[in-house]
Every structure is written in structure tokens, then in C-alpha cells.
Amino acid sequence: MKARWILFIMATAIFFSCYRLVRSSGGGQRAEAEPGRRANSRDIALPEGYQIEVVAEGLTFPTGIAFDSQGVAYVTEAGYSYGEVFKVPRLIRLSPAGEHQIIAEGENNGPWNGLFFHEGHFYIAEGGQMKGGRILRVDLQGNIAILLEGLPGMGDHHTNGPVVHDGFVYFGQGTATNSSVVGEDNLGFGWLSRFPDFHDIPCRDIVLAGTNYETADLLSTGSQQRVQTGAFLPFGTPSHAGQLIRGRVPCSGSLLRIPLQGGEPQLVAWGFRNPFGLAFDPSGQLFVTDNGYDNRGSRPVWGTGDYLWRAQQDAWYGWPDFAGGLFLAEGPIRVPGKGRPARILAEFPSDPPQPAAVLGVHSSSNGFDFSRSDDFGFFGEAFIAQFGDLAPEVGKVMNPVGFKVVRVNTRTGVVRDFAINKKENAPASKLGNAGLERPTAARFSPDGRHLYVVDFGVMLVTDQGPHPLEKTGVIWRISKTSRP
């Protein structure tokens with residue numbers, strides 16, 4: 001046993017040494033890309049017996065797709081992208097010929113993250129980058145009603161979802177920060193200068209361990225002073241051991257719901273980092289994708305994946321002290337050159353559950369849906385769109401991660417590739433072909449026979465940060481052609 005531990009420690013030391021020496025090779029790490037976007041299904045690999053085709057092109061930052069009672073497809077354009085690019089959020093009707101008809105336009109408060117249709121109305125999660133998150137209801141004539149506002153969506157992560165089930169609108173609310181501490185990385189995201197007092201909000205009362213992090217005084221121009229910042233507190237505000245932070249709803253890193261007609265938000269579960277995609281499986285169980293930690297900020301976390309969770313009522317899923325059920329301060333995961341992340345909470349609300357599946361590190365596993373038809377196959381499995389890494393902004397990767405659609409058996413946790421570019425795993429713009437770029441949502445048609453994939457488009461990661469390209473979004477449709 002002792003010899004095994006010695007070998008493990010030696011192997012880990014060698015890996016970390018190599019990791020620090022090798023340069024990152026993320027999918028978006030390029031200074032520029034060819035203008036425009038080509039889309040060609042022949043550059044995409046699928047299981048035998050399936051085909052993929054282009055449904056629509058030329059979209060700007062598409063994020064969600066839904067179908068009305070006649071089976072007509074509608075798409076949301078986000079209106080905001082990382083890189084501080086602000087556009088007009090839009091709900092767009094797609095004709096069978098691929099033409100775009102604008103149904104509704106939103107305010108300067110994107111991104112519009114996701115779309116769901118139910119009984120004559122569309123439900124949209126408005127991310128809230130400028131005014132806070134909202135849940136919107138839009139009728140077929142384009143009239144917009146605000147069902148809920150004032151959600152804490154101005155930070156790194158936004159208001160996401162939604163999905164309708166049993167008379168409620170369910171949605172996710174992301175965290176303001178990477179791992180609960182406001183720091184220099186949040187200034188880079190753009191929001192800290194706009195909202196200097198903004199920070200993460202717990203859903204229930206918590207007690208802090210008193211861990212603080214020192215940075216430059218980012219909000220005082222020309223200042224040489226240093227400040228201390230604690231978790232769940234505004235920038236420059238230190239914490240102390242035993243400090244009580246009162247919880248409230250709405251809160252950060254949570255699953256919430258409201259009645260279809262609107263009303264006060266109700267807590268479903270909390271302790272997520274960025275609960276992005278929501279879907280009910282054929283049995284009526286709610287699942288959610290959760291974007292894992294980044295290796296950035298005052299409290300970086302290295303090497304943790306994205307997760308697919310079963311949503312249990314009132315459960316706490318571990319953020320900011322656990323990742324996939326693993327306690328960060330005592331586990332094997334160490335930030336290269338920095339050690340383990342320090343403990344944030346003096347007391348844990350409960351033991352966090354184990355994930356239904358562990359997905360790729362920095363894969364940005366986002367919108368998804370469950371197969372409900374034998375005409376498509378893989379009944380009951382989850383099909384998840386993976387947007388792909390934003391390395392090196394989120395941390396170093398040796399090769400591109402994500403940029404594909406995977407299928408997950410939620411009973412076993414086994415993850416398999418379903419739609420992926422040929423040649424190698426990377427976005428089409430990096431490969432120089434015309435396949436998938438950044439899948440961000442997957443949704444089955446009402447009859448269950450077709451899987452639609454929302455492809456956000458080209459997003460580079462330059463020395464100045466994320467750089468998305470307009471009018472490069474694509475909608476793909478996958479169908480079963482024969483038995484494999």
C-alpha cells in the first residue's frame with residue numbers, strides 16, 4: 001500500500017511539472033478566424049443510421065429552440081455574449097425554408113438563455129447582465145410579459161432555462177463568481193465596475209470559516225493599497241470565522257420555480273455553480289447540467305468537471321466547498337503551484353448528492369433534452385450540447401474540450417459521443433472545416449423523431465478575452481435514417 005502511494009505522489013508531481021510547462025491549446029485560442037461561417041453536414045460524425053442537416057444559418061448568438069403547437073421552430077438570439085458584446089435579444093420564427101421572422105425583441109438585459117413553449121406562450125430566461133434576471137412570457141404575436149424580475153444575474157453567470165412542468169416554470173440561477181469570492185477576474189468580466197457591491201447570495205443561512213483573499217484595490221484608480229475579500233461579501237469586505245450570512249430567495253447557484261401566471265420564486269435546490277440546462281426525463285424526474293469551477297480568480301479550482309444532476313427537493317449540491325460530491329479542501333484535487341482551495345463554510349448544510357454523470361472539464365455542458373421516441377432511439381437518454389472550453393480564460397487545457405453533442409445514460413452515468421466533428425475533437429473554425437462550432441442547446445421535436453442542435457457560432461479566445469463573431473450561428477437537425 002505504501003509503495004502505491006509513493007508511485008501516485010511521484011506520478012502526480014511529474015504531471016503537474018509537465019502541465020506547467022505545456023502551453024494551453026483550447027478550441028477558441030486563435031487571434032482571428034475566416035469571416036462568415038460555412039456549415040456542411042459531411043464534416044460531422046454520427047452513429048451509423050443517423051444523418052444531420054442544416055436548418056438555419058446566419059444567426060447571432062442563438063441559445064435556445066422550441067416548437068409551437070403546429071411544430072414550427074422558434075429560436076432565441078441571446079443579445080449578449082461573453083466578451084461584453086451587447087446586441088438586441090430576439091425571438092425568431094424559422095420558416096421551413098430557413099427564413100427568419102422576428103417575433104419579439106428584448107431590452108439591453110441579455111443574454112436570453114433558453115426557450116420553452118407551453119399552451120400558446122413562450123417562456124424565456126432573461127440573463128440579466130444589466131438589470132438583473134427575469135422570466136418572460138411571450139405570446140405568438142410577440143407581446144412580452146414579465147413574470148418575475150430582480151434575479152441576481154448580473155455576474156459571471158446568469159438566469160438560465162427554463163422548462164414548464166405541472167403548472168410551474170422551473171429555471172436555474174447561476175452564481176456571481178467562480179467560487180464565491182469577488183476578485184480581479186470579475187472586473188475582467190465587466191460587471192464588478194458596474195455593480196461594485198454585487199456578490200453571491202446563499203439560499204439558506206450559512207456560517208463562514210473566515211477565509212479571506214488579498215488583491216489590489218481594483219475599484220480605486222491608481223491606488224496602491226491592498227484589500228481583503230471574504231466569500232459571499234462585496235469586494236473589499238473581509239469575513240471572520242463564525243460570521244453568519246443570512247440566506248434569502250432568490251439566491252445564487254439555485255434551481256427555482258414560479259407558477260405559470262407568475263409570483264414569488266420558490267426554492268427547489270441550491271449549491272450549484274451555474275445550473276444551465278433543465279429537462280424532465282420521461283418519468284418526470286428533473287435533471288440539470290451544472291458548469292463546473294474554473295481555474296481563475298482569488299480562489300481558483302482546478303480539474304473539476306461539469307455535472308449532470310438529479311434535482312432533489314431542498315438538497316444542497318456542494319458549491320462552493322464541493323465538486324461532484326468531493327470536498328475540495330481535503331480531496332486529491334490541487335491547483336498546480338497553489339495547493340487545495342481553502343474551506344469557505346464552517347458548517348455544511350448537508351451532505352451533497354453524487355452526480356448522475358460527470359462531464360468534461362471545461363466542456364461547458366449546457367442545454368439538453370431526453371429522447372422520448374423509439375423512432376429516434378436511445379429512449380430515456382439525455383442528449384447534451386457542449387459549448388466547449390474558453391481556455392485559457394477558464395484554465396489551461398491540453399486539447400479542445402467539448403464542441404460536440406454527447407448522450408448520457410442517467411442510470412449508469414456512462415457518457416458517449418453522439419455528434420462530433422470528423423478528424424479530431426475541436427470546433428470547425430479550428431479544424432478549417434464546416435462542421436460543429438459551439439453547440440449550446442439540444443431539443444427534440446414534438447414528435448420525438450428529430451434532435452435539433454443550436455450552434456452558438458464562432459467564439460475565439462484572444463489575448464483580450466472572448467471574441468464572438470456575429471451571424472455565425474447555425475441550427476442543425478439530426479434524424480434516424482435506419483436501424484444501426
Side-chain angles (χ1 to χ4, degrees), residues 22-48 50-63 75 77-78 81-83 85 98 306 359-367 383-407 416-442 451-479:
V22 176
R23 297 184 64 183
S24 178
S25 181
Q29 286 185 254
R30 297 180 305 290
E32 58 184 22
E34 293 183 7
R37 165 89 186 273
R38 296 179 296 120
N40 192 327
S41 60
R42 289 179 300 204
D43 290 327
I44 302 171
L46 294 165
E48 184 180 353
Y50 289 84
Q51 68 178 12
I52 187 168
E53 58 189 319
V54 175
V55 173
E57 300 179 76
L59 297 161
T60 294
F61 314 156
T63 54
V75 175
E77 289 186 327
S81 172
Y82 289 134
V85 179
D306 287 1
L359 303 157
V361 179
H362 303 314
S363 61
S364 190
S365 297
N366 292 347
F383 288 74
I384 304 176
Q386 296 189 329
F387 183 86
D389 68 77
L390 288 176
E393 290 284 301
V394 299
K396 182 190 297 185
V397 297
M398 301 297 193
N399 295 289
V401 183
F403 309 101
K404 58 187 175 181
V405 177
V406 298
R407 63 180 178 89
R416 292 184 173 90
D417 291 344
F418 183 74
I420 185 171
N421 285 333
K422 295 177 180 177
K423 187 178 177 182
E424 62 181 282
N425 183 39
S429 59
K430 188 179 184 73
L431 298 174
N433 65 25
L436 297 170
E437 195 64 36
R438 288 189 178 272
T440 195
L451 178 64
Y452 285 74
V453 178
V454 180
D455 187 333
F456 184 89
V458 179
M459 178 184 280
L460 308 180
V461 185
T462 70
D463 292 341
Q464 290 73 45
H467 177 55
L469 303 189
E470 298 175 38
K471 298 182 180 181
T472 58
V474 172
I475 307 298
W476 306 85
R477 180 171 57 211
I478 301 173
S479 308

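Values below: every heavy atom of this structure, side chains too, minus hydrogens, waters and symmetry copies. The first residue in the sequence is number 1, and the count goes up from there.
- In this structure, Q386 and P439 have side chains that are not in contact, with every pair of non-hydrogen atoms separated by 4.5 Å or more.
- Under the 4.5 Å side-chain criterion, counting only non-hydrogen atoms from C-beta, F418 is not in contact with K404.
- Counting heavy atoms from C-beta outward, M459 and L390 have side chains that approach closer than 4.5 Å.
- Considering every non-hydrogen atom in both L451 and A442, the closest pair reads CD1-CB, 4.0 Å.
- In this structure, the separation between CD on E470 and CD on E77 is 9.5 Å, given to the nearest 0.5 Å.
- Between atom CG of residue L460 and atom CD of residue Q29 there is a gap of 10.5 Å, rounded to the nearest 0.5 Å.
- V75 places a side-chain heavy atom less than 4.5 Å from the side chain of I475.
- The backbone N or O of G388 sits nowhere less than 3.5 Å from a side-chain atom of S363 that would complete a donor-acceptor pair.
- A 4.5 Å side-chain heavy-atom check between K422 and I44 finds every atom pair outside the cut-off.
- Taking the side chain as every heavy atom from C-beta outward, S25 and K430 approach each other to under 4.5 Å.
- Side-chain contact, S41 with Q51: no donor N or O sits under 3.5 Å from an acceptor N or O.
- Side-chain atoms of S429 and E437 include a donor-acceptor pair closer than 3.5 Å.
- Atom-to-atom distance recorded for F403:CZ and D389:CG is 4.0 Å, nearest 0.5 angstrom.
- Taking 4.5 Å as the limit, some side-chain heavy atom of D455 sits within range of a side-chain heavy atom of L436.
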